[in-house]
Amino acid sequence: MGAWERPFCGGLRAADVGRRVELVGWVRRRRNLGGIVFVDLRDREGWAQVLLRDALREAGEKLSQEDVIRVIGTVAARSADTVNSDMPTGEIEVIAEEVELLTAAETPPFVVEDRVNASEELRLRYRYLDLRRPEMMATLVLRDQITFAIREYFHGMGFIEVETPILTRSTPEGARDFLVPARLAPGSFYALPQSPQLFKQLLQVAGLGRYVQIARCFRDEALRAERQLEFTQVDIEASFVEEEDIYALIEGLFAKVFPIVGITPPAAFPRLSWADAMERFGSDKPDMRFGMELVELGEVARGCAFEVLRAAAATGRVKGLVVPGGTAFSRKQLDELSEFAKPFGVPGVLWFRKTADGYGSPAKKALGDEGIAAFLAAAGAGDGDLLVVVGGVPKVVFAALGALRVELGGRLGLVRQGSHAFLWVTDFPLFEWDDETHRYYSVNHPFTAPKAQDVANLESDPGAVRARAYDVVMDGVELGGGSIRIHDSVLQQRAFAVLGIDEAQAKHRFGFLLDAFRYGAPPHGGLALGLDRLVMLMAGRDSIRDVIAFPKTTSGNCLLTDAPNTVDDAQLEELRLRVDVSRSAPNGS
RNA sequence: GGGGUCGUAGUUCAGUUGGUUAGAACGCCGGCCUGUCACGCCGGAGGUCGCGAGUUCGAGUCUCGUCGACCCCGCCA
């Protein structure tokens, strides 16, 4: 039997009964009953029970976990009382006629089973064993189905996949670059791309029109549960398009991809401006699977008798969150709310409530019952509701309340199982002021186009200029984002000017792009989706590492290969590099 | 860069106020068992308590340092 005709162990069904088959796989488990031996033979698709008896009994007794074997046998129906309805192959078993041990396996460091919870550290060190687990293998298979569907969709829409360089030039703005020393140009470095941004725009100038790439991106920044040093984007760019075209494109993509896991997104996603998202949810990626929106308390705070809130309302913002059933929180739980909020830069949270014992709040002394009642009324808090209040710098108030909302929403079980919420967040600000360096930074990147009606304010009020940028959000996770780009070199120069990049600097950093734009740049725009996050959500996992075959740890180590590692002096010499690790790094992580 | 949690048998964990020989389950090894499917039963082996200092008559337990894993803040245009 040829390798390609051989069935998968996990694919055998009642319809195969009577077939004489050759199976290869790993011994998942052996059950030796003395006279007969059962072996669960596992491959990529699952496992099937093999029965060894008579002359094969002795051979079966010698098999152990993870041995690689070849079996020739006949698929037989199990008798009614021995059918195992818990497994897909449970109606059949393979009566072995020949068994061959192809490779004996040492006892693995952990049992290759879904329900065995080995530590992630161990799983990463022996990733090839971890991936052997059905759950992990199924995730690899799902990822393939998703990427295949994505390519199929874009191909059908007339998009062309083009590979862009991995060795490219360092760009000053944005994340920290990974650098690669250039042996042929001592003292010079390539950088790994943070994204193919500039190349996909150049492809539009070239006239490609519709570009897509499943592209690896690299950012030398701190890692998180949903972040890796290298990750994959579905990178998209198209010419002669506007926001609506991009929205329709992505909604169409999701309509094709999400049904793979039984999720049907709406035909068109709701939209929310960035300003509304912040005001109502305290987040630019709101989880809209539940309500509990932020409430405005600036007015009542301004007139109240509590100095702290009055001051916050005068110089910043005072907003709150009405927590249904929150009056039942214990003192300890209320204190924990403050502890939760503090890392976001607020001194703590205030709370207000009315219980059978009367009005309660840490600010009761200053406000009295009337003052507390005024806050509860302004927030629209009803019986049993707890009002949580934060005041201060707008950015911090939004961040703290936005995080509290998600935390409490989860804790109170406000998200209905199996529900999903897709949306577009639009009208992001184009620039953000940085107090430390006293200059504006691009919220997206310097090539994002301003909204036409705001272009006039570019120089007079940069902070108020809105961008033609958009993010697609699902269940509180940013799946992707993009923008319509500037294709006019004069407008581009004005945007650079706001960022403090003069003509000489612009020429030095992005000269090749500006040059390109002088030779006929089409209006264009695009978007990039985080493929790892997309697969993570679709697989129902909560760590990006679970959907990447060989991920790195949160300190950037590959436990399997032990990368990064030191290199020979000869290699360094060839690159004209000298290493000095005696001093700690000047800044950053 | 900052904060937090964790590190004990191959694995997942327990380990009392600092006190005799550090336990359990699974896995592993040996034996028995012809319908199991987390097979069962009997027996057995297996420990640098992450590493290094310190306190103490005595440290898995307390202190400091260090390494590693995970989570969060900053950071990630």
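A, B, ... follow the sequence lines: proteins, then strands. Residue 1 opens every chain. Values in this document were obtained by computation on a predicted structure and should not be read as measured data.
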Asker: Let's test your reading of the model: under 3.5 Å, does the base of C76(B) pair with the side chain of Arg227(A) as donor and acceptor?
Answerer: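 When only heavy-atom distances are counted, Arg227(A) does reach the base of C76(B) through a donor-acceptor pair under 3.5 Å.
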
Asker: Assess whether a salt bridge exists between Glu339(A) and Lys342(A), defined as any Lys/Arg side-chain N lying under 4.0 Å from an Asp/Glu carboxylate O.
Answerer: yes

Asker: Nearest whole angstrom, please: distance from the P of C37(B) to the CD of Glu113(A).
Answerer: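 Taking CD of Glu113(A) and P of C37(B), I get 14 Å after rounding.
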
Asker: Could you check how far CG of Leu63(A) sits from P of C39(B), rounded to whole Å?
Answerer: 15 Å

Asker: Taking atom C1' in both A22(B) and G58(B), what distance in whole Å separates the two?
Answerer: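 Straight-line distance between the two C1' atoms is 16 Å.
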
Asker: For Arg29(A), which contact category applies under a 4.0 Å heavy-atom criterion: base, sugar-phosphate, or nothing?
Answerer: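 It contacts sugar-phosphate atoms only.
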
Asker: Assess whether salt bridge (Lys or Arg N to Asp or Glu O under 4.0 Å) is satisfied between Glu61(A) and Arg30(A), documenting all intermediate values.
Answerer: CA-CA 8 Å; Glu61(A) 280 178 349; Arg30(A) 186 198 58 178; over 6 Å; no

Asker: Does Arg28(A) reach a base, just sugar-phosphate, or nothing at all? Heavy atoms under 4.0 Å.
Answerer: nothing

Asker: Report yes if at least one side-chain N or O of Arg31(A) is closer than 4.0 Å to OP1 or OP2 of U36(B); otherwise report no.
Answerer: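 Answer no for this pair, as no side-chain N or O of Arg31(A) is under 4.0 Å from OP1 or OP2.
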
Asker: Send over the distance from Asp86(A) CG to C37(B) P, rounded to a whole Å.
Answerer: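 Roughly 11 Å, once rounded to whole Å.
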
Asker: Quick one: look up who U12(B) pairs with, Watson-Crick or G-U, both distances under 3.5 Å, and put none if it's unpaired.
Answerer: A24(B)

Asker: Does U5(B) have a Watson-Crick or wobble mate here (both distances under 3.5 Å), and if so which one?
Answerer: A69(B)

Asker: A69(B) P sits how many Å from Asp562(A) CG, rounded?
Answerer: 10 Å

Asker: Whole angstroms only, please: what is the CZ-C1' distance between Phe218(A) and C76(B)?
Answerer: 16 Å

Asker: Give me the distance, rounded to whole Å, that separates G15(B) from A59(B) when you measure between the C1' atoms they each carry.
Answerer: 14 Å

Asker: Begin with the C-alpha distance, continue with both residues' side-chain angles, and end with the deciding distance and a verdict on side chain to side chain donor-acceptor pair (under 3.5 Å) for Gln65(A) and Thr107(A).
Answerer: CA-CA 7 Å; Gln65(A) 279 187 71; Thr107(A) 302; over 6 Å; no

Asker: Can you measure Phe231(A) atom CZ to C76(B) atom P for me and round it to whole angstrom units?
Answerer: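 After rounding, the gap between these two atoms is 13 Å.
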
Asker: Using atom CZ of Arg541(A) as one end and atom P of C70(B) as the other, report the distance to the nearest whole Å.
Answerer: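 Whole-Å distance recorded here is 15 Å.
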
Asker: Whom does C41(B) pair with, Watson-Crick or G-U wobble, provided both distances fall under 3.5 Å?
Answerer: G31(B)

Asker: Where each residue is assigned the nucleotide of RNA chain B containing its nearest heavy atom, which of Leu559(A) and Arg115(A) is assigned the position nearer the 5′ end?
Answerer: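 Taking each residue's closest nucleotide, the earlier one in sequence belongs to Arg115(A).
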
Asker: Evaluate Gln213(A) against Thr164(A) for side chain to side chain donor-acceptor pair (under 3.5 Å), listing each step before the verdict.
Answerer: CA-CA 8 Å; Gln213(A) 183 183 191; Thr164(A) 53; 3.0 Å; yes

Asker: With respect to the phosphate group of A69(B), does any side-chain polar atom (N or O) of Thr554(A) fall under 4.0 Å of OP1 or OP2?
Answerer: no

Asker: Can you tell whether the side chains of Asp471(A) and Lys285(A) come within less than 4.0 Å, N to carboxylate O?
Answerer: no

Asker: Distance check, C1' atoms only: G18(B) and U56(B), in whole angstrom units.
Answerer: 9 Å

Asker: What parts of residues 468-483 of chain A reach RNA chain B, counting only heavy atoms under 4.0 Å away?
Answerer: none

Asker: P atom, G23(B) versus G60(B): distance in rounded Å?
Answerer: 14 Å

Asker: I need the Phe340(A) CZ to Gln333(A) CD distance, nearest 0.5 Å.
Answerer: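 Here the rounded value is 14.0 Å.
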
Asker: Run the salt bridge (charged side-chain N to carboxylate O under 4.0 Å, His left out) test against Lys507(A) and tell me which residues pass, sequence neighbours left out.
Answerer: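 Not a single residue meets the salt bridge (charged side-chain N to carboxylate O under 4.0 Å, His left out) criterion with Lys507(A).
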
Asker: Compare side-chain N and O positions of Thr553(A) against OP1 and OP2 of G68(B) and report whether any pair is under 4.0 Å apart.
Answerer: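 Checking Thr553(A) against G68(B): no side-chain N or O falls below 4.0 Å of OP1 or OP2.
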
Asker: Could you check which nucleotide pairs with A59(B) in any of the strands shown, counting Watson-Crick or G-U wobble with both distances under 3.5 Å?
Answerer: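 Across any shown strand, A59(B) pairs with none.
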
Asker: Under 3.5 Å for both donor-acceptor distances, Watson-Crick or wobble: does G74(B) have a partner, and if so which one?
Answerer: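 Answer to the pairing question: none, since G74(B) forms no Watson-Crick or G-U pair.
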
Asker: What interatomic distance, in whole Å, is found between P of U55(B) and the corresponding atom of C13(B)?
Answerer: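 Pairwise P distance, C13(B) against U55(B), rounds to 34 Å.
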
Asker: Using atom P in both nucleotides, what's the gap between G46(B) and G10(B) to the nearest angstrom?
Answerer: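 Taking atom P in both G46(B) and G10(B), they lie 11 Å apart.
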
Asker: Below the 4.0 Å mark, does C73(B) have OP1 or OP2 next to a side-chain nitrogen or oxygen of Arg224(A)?
Answerer: yes

Asker: When rounded to the nearest Å, what value does the distance between P atoms of G19(B) and U61(B) take?
Answerer: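 Rounded to whole Å, the distance is 11 Å.
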
Asker: For the C1' atoms, the ones on G7(B) and on A14(B), what distance do you get once it is rounded to whole angstrom?
Answerer: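 It comes out at 15 Å once rounded to the nearest Å.
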
Asker: Report yes or no: is the cationic atom of Arg216(A) (NZ for Lys, CZ for Arg) under 6.0 Å from the centre of the six-membered ring of Phe218(A), at an angle within 45° of the ring normal?
Answerer: no

Asker: Counting only Watson-Crick pairs (N1-N3 plus N6-O4 or O6-N4) and G-U wobbles (N1-O2, O6-N3), all under 3.5 Å, who is the partner of G46(B)?
Answerer: none

Asker: Output the distance between atom CG (Asn117(A)) and atom CG (Leu122(A)), rounded to the nearest 0.5 Å.
Answerer: 11.5 Å

Asker: Using 0.5 Å steps for rounding, measure from the CZ atom of Phe496(A) to the CG atom of Asp502(A).
Answerer: 11.0 Å

Asker: So if I take residues 338-348 of chain A and measure heavy-atom distances to RNA chain B, which residues fall below 4.0 Å?
Answerer: Pro343(A), Phe344(A)

Asker: Can you establish whether the number of heavy atoms outside Glu503(A) located under 6.0 Å from its atom CD is more than 12?
Answerer: no

Asker: Please list every donor-acceptor pair under 3.5 Å in which a side-chain atom of residues 395-403 of chain A meets a protein atom from a residue at least two apart or in another chain.
Answerer:
none

Asker: Can a salt bridge be assigned to the pair Asp488(A) and Arg494(A) using a cut-off of 4.0 Å between side-chain N and carboxylate O?
Answerer: no

Asker: Indicate the ring-plane relationship of His445(A) and Phe447(A), choosing parallel, tilted or perpendicular according to the 30° and 60° boundaries.
Answerer: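 It falls in the tilted class, 30° to 60°.
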
Asker: Could you run down nucleotides 28-35 of chain B 5' to 3' and tag each one B, S or - for protein heavy-atom contact under 4.0 Å?
Answerer: S----BBB

Asker: Look at Asp130(A) together with Arg127(A) and state whether they make a salt bridge at an N to O cut-off of under 4.0 Å.
Answerer: yes

Asker: In terms of ring plane angle, is the pair Phe517(A) and His524(A) parallel, tilted or perpendicular, where the classes change at 30° and 60°?
Answerer: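 Ring orientation, 0 to 90° scale: perpendicular.
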
Asker: Between Arg545(A) and Lys552(A), what is the shortest heavy-atom contact and its length?
Answerer: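 Between these two residues, the closest heavy atoms are CD-O, 3.5 Å.
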
Asker: Using a 4.0 Å heavy-atom cut-off, write out nucleotides 5-13 of chain B from 5' to 3' as B (base contacted by protein), S (sugar-phosphate only) or - (no contact).
Answerer: -----SSS-

Asker: Rounded to whole angstroms, how far apart are CG on Leu229(A) and P on C75(B)?
Answerer: 18 Å

Asker: Quick one: is Asn557(A) getting a side-chain N or O under 4.0 Å of the A69(B) phosphate, OP1 or OP2?
Answerer: yes

